[in-house]
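One structure is given below, encoded as structure tokens.
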Amino acid sequence: MVAGLIDHRLSEVEFTGVTDLPAVVQRSRVIVTATPSTKPLIQADWVQPGTHLNAIGADMEGKQELDAKLFQGAQAYTDDVPQASEVGEIQNPIKAGVIKPEQVVEIGNSLLDPTLGRHDANAITIFDSTGIALQDLAAANLVFVRAKEQGVGTQVDL
């Protein structure tokens with residue numbers, strides 16, 4: 001396992017090999033999983049109140065990085081509920097009856113309606129990213145336009 005520790009004062013990330021995953025999870029307040037796992041790596045009882053998790057590895061049926069029980073009482077978000085219900089991290093707690101698809105908020109809706117965001121600093125929040133190509137293209141285009149406006153970056157013609 002590898003853990004990235006961010007020093008927010010320096011905006012640097014240090015990656016360190018770890019052997020005690022439960023201890024690292026218990027000390028972390030932001031966790032990003034990006035694995036091809038088919039069994040939960042992060043257990044619900046390891047996660048502290050106020051933690052945010054980005055689950056980006058579960059992108060096909062049968063993949064799972066998070067304990068389904070972690071979704072009990074958590075605020076869950078995704079890029080597309082129907083897609084994530086079939087192939088994302090939320091497929092597992094839905095199948096286990098821990099949550100229902102209508103309890104999951106699409107991230108775009110939370111941006112438009114602040115009442116759909118985090119309600120409490122102690123809430124556990126989970127973002128299940130399955131990837132939407134159109135959103136990726138829109139974000140990439142925005143970065144390109146802003147970089148061009150600011151005169152930064154290098155354009156490469158392929």
Side-chain angles (χ1 to χ4, degrees), residues 1-9 11-16 18 20-143:
M1 288 276 139
V2 175
L5 304 174
I6 299 175
D7 183 335
H8 62 82
R9 295 163 298 179
S11 298
E12 294 180 8
V13 179
E14 175 186 330
F15 290 93
T16 307
V18 297
D20 190 352
L21 185 58
V24 171
V25 168
Q26 289 171 348
R27 290 193 328 260
S28 300
R29 292 300 169 263
V30 175
I31 299 168
V32 179
T33 57
T35 74
S37 183
T38 57
K39 62 182 182 179
L41 300 172
I42 308 293
Q43 300 301 313
D45 58 346
W46 300 349
V47 178
Q48 299 302 307
T51 301
H52 174 74
L53 298 98
N54 287 322
I56 62 174
D59 57 1
M60 63 188 317
E61 188 174 0
K63 284 189 175 182
Q64 182 176 12
E65 298 177 302
L66 307 177
D67 180 356
K69 289 183 267 182
L70 185 55
F71 286 82
Q72 276 179 322
Q75 292 176 241
Y77 302 87
T78 190
D79 37 23
D80 182 75
V81 173
Q83 178 174 292
S85 297
E86 296 293 321
V87 299
E89 190 66 44
I90 65 169
Q91 69 180 294
N92 302 296
I94 289 172
K95 288 176 186 171
V98 174
I99 61 170
K100 296 178 180 165
E102 53 270 17
Q103 292 174 272
V104 180
V105 176
E106 288 189 355
I107 195 72
N109 292 336
S110 71
L111 297 173
L112 295 171
D113 181 354
T115 66
L116 298 174
R118 176 177 249 160
H119 306 290
D120 175 348
N122 288 320
I124 292 173
T125 54
I126 303 168
F127 177 62
D128 175 12
S129 175
T130 55
I132 304 294
L134 184 58
Q135 289 175 346
D136 295 343
L137 290 170
N141 185 62
L142 178 62
V143 169

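Computed from a prediction, not measured in an experiment: that's the story for all the values here.
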For residues 91-101, please give each side-chain donor-acceptor pair under 3.5 Å, one per line with the distance, not counting sequence neighbours.
residue: Gln91; atom: OE1; partner: Gly62; partner atom: N; Å: 3.3
residue: Gln91; atom: OE1; partner: Lys95; partner atom: NZ; Å: 3.3
residue: Gln91; atom: NE2; partner: Met60; partner atom: O; Å: 3.2
residue: Gln91; atom: NE2; partner: Val87; partner atom: O; Å: 3.4
residue: Gln91; atom: NE2; partner: Gly88; partner atom: O; Å: 3.0
residue: Asn92; atom: ND2; partner: Lys63; partner atom: O; Å: 3.2

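- Heavy-atom minimum distance, Ala58 versus Glu89: CB-OE1, 3.3 Å.
- To the nearest 0.5 Å, atom OG1 of residue Thr115 and atom CG of residue Leu112 are 11.0 Å apart.
- Minimum interatomic distance between Glu106 and Pro82 (heavy atoms only, all atoms of both residues): OE2-CD, 3.8 Å.
- Gln83 contributes atom CD, which lies 7.5 Å from atom OG1 of Thr78 (distance to the nearest 0.5 angstrom).
- To the nearest 0.5 angstrom, Asp79 atom CG is 4.5 Å from Ile132 atom CD1.
- Counting only heavy atoms from C-beta outward, the side chains of Leu53 and Thr33 never approach each other to under 4.5 Å.
- For Ser129 (side chain) and Ile56 (main-chain N/O), no donor-acceptor pair under 3.5 Å exists by modelled atom type.
- No donor-acceptor pair under 3.5 Å is formed between the side chain of Asp67 and the backbone N or O of Pro40.
- Checking side-chain atoms of Asn122 against main-chain N and O of Pro49 turns up no donor-acceptor pair under 3.5 Å.
- At a threshold of 4.5 Å between non-hydrogen side-chain atoms, the residues Leu70 and Val47 count as touching.
- Between the OG1 atom of Thr125 and the CG atom of Asp120 there is a distance of 11.0 Å, given to the nearest 0.5 Å.
- The local environment of CD in Gln26 is crowded, with over 12 non-hydrogen atoms from other residues, nucleotides or ligands closer than 6.0 Å.
- Here the side chain of Gln48 pairs no donor or acceptor atom with the backbone of Arg29 at under 3.5 angstrom.
- Atom CD of Glu102 sits in a crowded spot, with more than 12 heavy atoms from other residues, nucleotides or ligands closer than 6.0 Å.
- A donor-acceptor pair under 3.5 Å links the side-chain atoms of Glu65 to the main chain of Thr35, judged by distance alone.
- How far OH of Tyr77 is from CD1 of Ile126: 10.5 Å, rounded to the nearest 0.5 Å.
- Put simply, the side chain of Thr51 never gets that close to the backbone of Ile124: no donor and acceptor are under 3.5 Å apart.
- Expressed to the nearest 0.5 Å, how far CD1 of Ile90 lies from CG of Leu66 amounts to 11.5 Å.
- A distance-only check finds no donor-acceptor pair linking the side chain of Gln43 to the backbone of Pro22 [under 3.5 Å].
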